[in-house]
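A short write-up of the structure that comes next.
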Amino acid sequence: MVQLHEQILRDAHQSMLATRMRTEDMLPIADKLDEVGYFSLEVWGGATFDVCIRYLNEDPWVRLNKLKEAIPNTPLQMLERAMNAVAYWNFPDDVVTKFCQMSKKNGCDVFRIFDALNDLRNMKTPMKAVKEAGGHVQACMSYTISPVHTVDYFVENFIKLEKMGADSLCIKDMAGMISPSRVYDIVRGCKDAGIKLEIDLHSHCTSGMTGMAYQRAAEAGIDILDTDISAISGGTAALPTESVVAAFKDTEWDTGYDLKLLIEIRKYFLEVWDKYRHLHRFNALKVDPSVTVHQIPGGMLSNLIFQLEEQGAHDKYRAILDETARVREELGYPPLVTPSSQVVGVQAVMNVLHGRYKVVTKETKDYCRGMYGKPPAPIKPEIMKKVLGPKWKDEVIDCRPSDLIKPMWDEKKKELQEIDGGAYIKKEEDIMTYILFPQVGLKFLKGLAKPEFTSKQLPLPIDHDLMRGMVKQSFTEHKAIWLETESPENRSGGPAQIPTEFEVEVDGEPFEVKVNPTGGFLVAGASSAAVQEKPKDVEGGIKSNMQGTILSVKVKKGDKVKKGDAVATIEAMKMEQEIKSETDGEVKDIFIKEGDSVASGDLIMQIL
Ligand code: CO
C-alpha cells in the first residue's frame, strides 16, 4: 500500500495560484478532504504565512486554527525551512523553538523540515522542538543533481536523519527534476541500508518525468507520495491525486482511497480554480524538460529573465544560463531553492554584467563565510579569495550559523510591547508574526493590510487591475522567446503596448514591480516622485549599480568617508548589496532615503 500526502491547500496553490487561496475557499471542502484518509494534508508553512499577512489580510494562525477545527481526523502538515522558519533568513534557537511549539499548539501535527544546503546542523533545533512538543518530524533532503549529490550521499544523510530522531523521511524534489532511475536507486538504497522509517517523495511535474518517477518509486518501496487534487495539478504543481489513486488501484500499491469522493472534491476545486482565474499563468501549466539539461529550476529561470530585464541586459540570457551553472559549481553545488537559488542567480547576473566576482553581493559573501550553513562541496581557495579577499580564512565560520545569533524573543517582545503601548499584541502568536516579518507583520498587526481581493469578489471582472496578470504572463512568455531569437531592433510593438505592472515570482513567492515609463523599475506602492526629483548626475556622484530598494543609508551629510566605505545598502529580490564610496571625501548631498526605490544608474549621493 502507498499513502498520499495531499497538498491542495498549500503547495498546489503556491505553485499555480501564487499562494493566494483564501481560507474561506478551503473550509467548505474541509470535511470531504478529512474523509479521504490521507497520510497527511499539507495546509501551512512555505510561502503561505508571508502571503497571508502581505496580500490577503488573513491571520495565518487563525487559518491554522480553523482548518484544525474543520479537519479533526487527518494529520495537518506544514513546510518548515529549518532555521528560517517560514521567513528567508536565520533566526536564533529560541525563536525557532517557540515557532515550532506554537505551530503545534495551533494545530500542526506533521512538520516537514528542510534545509536548502542539506546542512543537518540547521535541522537539529526545529527537529528537537517538534519532538518535544509531541509533533511528527518529517526530515527532508533537498534534491539536486551534481557530482557530490550521489545516491550514497542521499542514503547516508537519510541514515543520519533517522538517527537524529526523524519520524519519517522525505526526498524533496522541489524543482521537479528527479528521474525514474534516480528515485528508484535512492529509495532502494535507503531500504537496503536498513532504514525503517517511512519515506515520502515530494516532486513537481516540471520535467515531465514525474509520473514515471512515481511508478519507479513505488516499485522501489516508497511509502508516501505527494499529490494535488487534479483541479490544481500538473505543470509546475504535483501529479493529480485521483490519477495516482487510479493508477495504483488493484495493485500492491493500492491506496484504498474512494475515487468517487476524490472526484467530488475535484469538482469543488474546479470552481475554486475558475474563481481565481486572474492568477492563471499559461507557463505554469506546461512541462519544461529543459531543467534536465541545465538543472536550473523553472521558477529560477523566469527570475533570471526578470533580472536581465531590470538591469537592461536582454541579450545576455544564454551567457547567464552558462554562468549560473558555473557559479553553482564554484559555490559547491548548492541545491537551487530559496535562498541559495537567489545567491547563485544574482551572482551569475553580476558576473556577466560587471565581470566575474567584480561585484559581489552581501549574500554571496555570507554564503561563502558559511552563514547559510556548510556548502555541499568545498569552495576552491581562488573563489574564496575573489569573494572575501586575501584574508578569507579569517572570515569563514565553521560553527552552525545560528550559534552566532543572540536569543531574540524577549527583546522583540519588549520592542512590540513598546509600540503604541502594546496595542498590537492580542495573542502571543502576534509577537511571532512580528519577529518573522518585522515590517509586513507590524503593518498587518496594526490592521493596515488590505486584502487584494476577498472570496466574494471572485472571479474578478475583466477590467479589474489584477486581471493584468494574464496579459503580463503572455507578454513575459513572448519576451522570453524574443530574448533568445531576436535582436532589439527587430522588436515589434512600441512601448505603449507594454504593460507597466508585473508580478514576478521567486520560487513561487510573488513580488510586484512597476516599470516607470523612463525605463526604471519601481517596487509597487513606492512613490515615483522621489525618483524624479533626483538630479541625473553631479560631480562626485555615487550611483546605484542595480535596481532595488534602499535598505539603509549608512552616512549623513558632512560625514567623512574613505574609498571603499559602505555608504548605503540596497536590496533587490531579497538580495542585499553594499554601495561603496568611490573616493575619499565628504558626503555633500544624499539623494535617497531608506525605503526609496532606485533604478540601475540612479544617483545615490555626492561625495567630494
Ligand atoms: Co513543492
Side-chain angles (χ1 to χ4, degrees), residues 4-21 38-51 76-82 84 86 88 108 110-116 118 138-145 168-179 183 186 199-211 213-214 217 222 224-230 232-241 244 281 283-288 291 295-303 334-342 505-510:
L4 300 187
H5 168 218
E6 176 61 60
Q7 310 177 115
I8 188 76
L9 300 182
R10 204 285 298 177
D11 196 307
H13 70 103
Q14 183 169 331
S15 300
M16 303 281 261
L17 296 173
T19 330
R20 297 295 206 275
M21 199 191 292
Y38 291 117
F39 166 78
S40 67
L41 192 54
E42 188 183 46
V43 300
W44 216 60
T48 61
F49 196 104
D50 187 358
V51 170
L76 298 188
Q77 178 156 176
M78 78 162 290
L79 180 64
E80 203 273 349
R81 296 173 179 143
N84 299 351
V86 285
Y88 314 105
C108 188
V110 181
F111 292 72
R112 175 174 282 178
I113 299 170
F114 81 98
D115 179 67
N118 292 322
Q138 183 171 81
C140 296
M141 288 299 287
S142 302
Y143 180 76
T144 189
I145 303 168
S168 62
L169 302 171
C170 174
I171 304 165
K172 184 176 160 57
D173 176 27
M174 58 276 163
M177 58 192 193
I178 204 161
S179 72
V183 75
I186 294 173
I199 304 173
D200 190 331
L201 172 61
H202 173 83
S203 189
H204 292 253
C205 292
T206 324
S207 70
M209 301 188 285
T210 318
Y214 272 34
I222 199 92
I224 308 151
L225 291 167
D226 286 10
T227 58
D228 302 337
I229 288 289
S230 61
I232 311 179
S233 74
T236 55
L239 281 175
T241 306
V244 174
R281 293 155 305 144
N283 275 352
L285 301 170
K286 293 178 189 161
V287 297
D288 179 7
V291 71
Q295 276 113 52
I296 300 169
M300 190 174 162
L301 275 182
S302 41
N303 183 17
L336 297 176
V337 60
T338 309
S340 50
S341 52
Q342 278 92 302
E505 274 187 35
V506 185
D507 289 339
E509 286 147 23

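One-based numbering, in listed order, for ligands and for the atoms of each. Only this structure's heavy atoms are used, side chains among them; waters, hydrogens and symmetry mates stay out.
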| said: Could you check whether Asp226 pairs with Arg112 (Lys NZ or Arg NE/NH1/NH2 to Asp/Glu carboxylate O, under 4.0 Å)? | reply: yes
| field | Donor-acceptor contact present, side-chain Ser142 to main-chain Asn118, <3.5 Å | value | no
| field | Any side-chain donor near an acceptor of the partner, Asp173 and Ser203, under 3.5 Å | value | yes
| Protein N/O/S atoms closer than 2.8 Å to the Co ion (ligand 1) | Asp11 OD2, His202 NE2, His204 NE2
| said: With heavy-atom distances below 4.5 Å as the criterion, would you say the side chains of Pro339 and Asn84 are in contact? | reply: yes
| message | Tell me every residue that passes side-chain contact (heavy atoms from CB on, under 4.5 Å) with Val110, counting only those two or more places apart in sequence or in another chain. | response | Ser40, Pro75, Gln77, His136, Gln138
| task | Report yes or no: does Thr241 contribute a side-chain atom to a donor-acceptor pair with the main-chain N or O of Ile229 at less than 3.5 Å? | result | yes
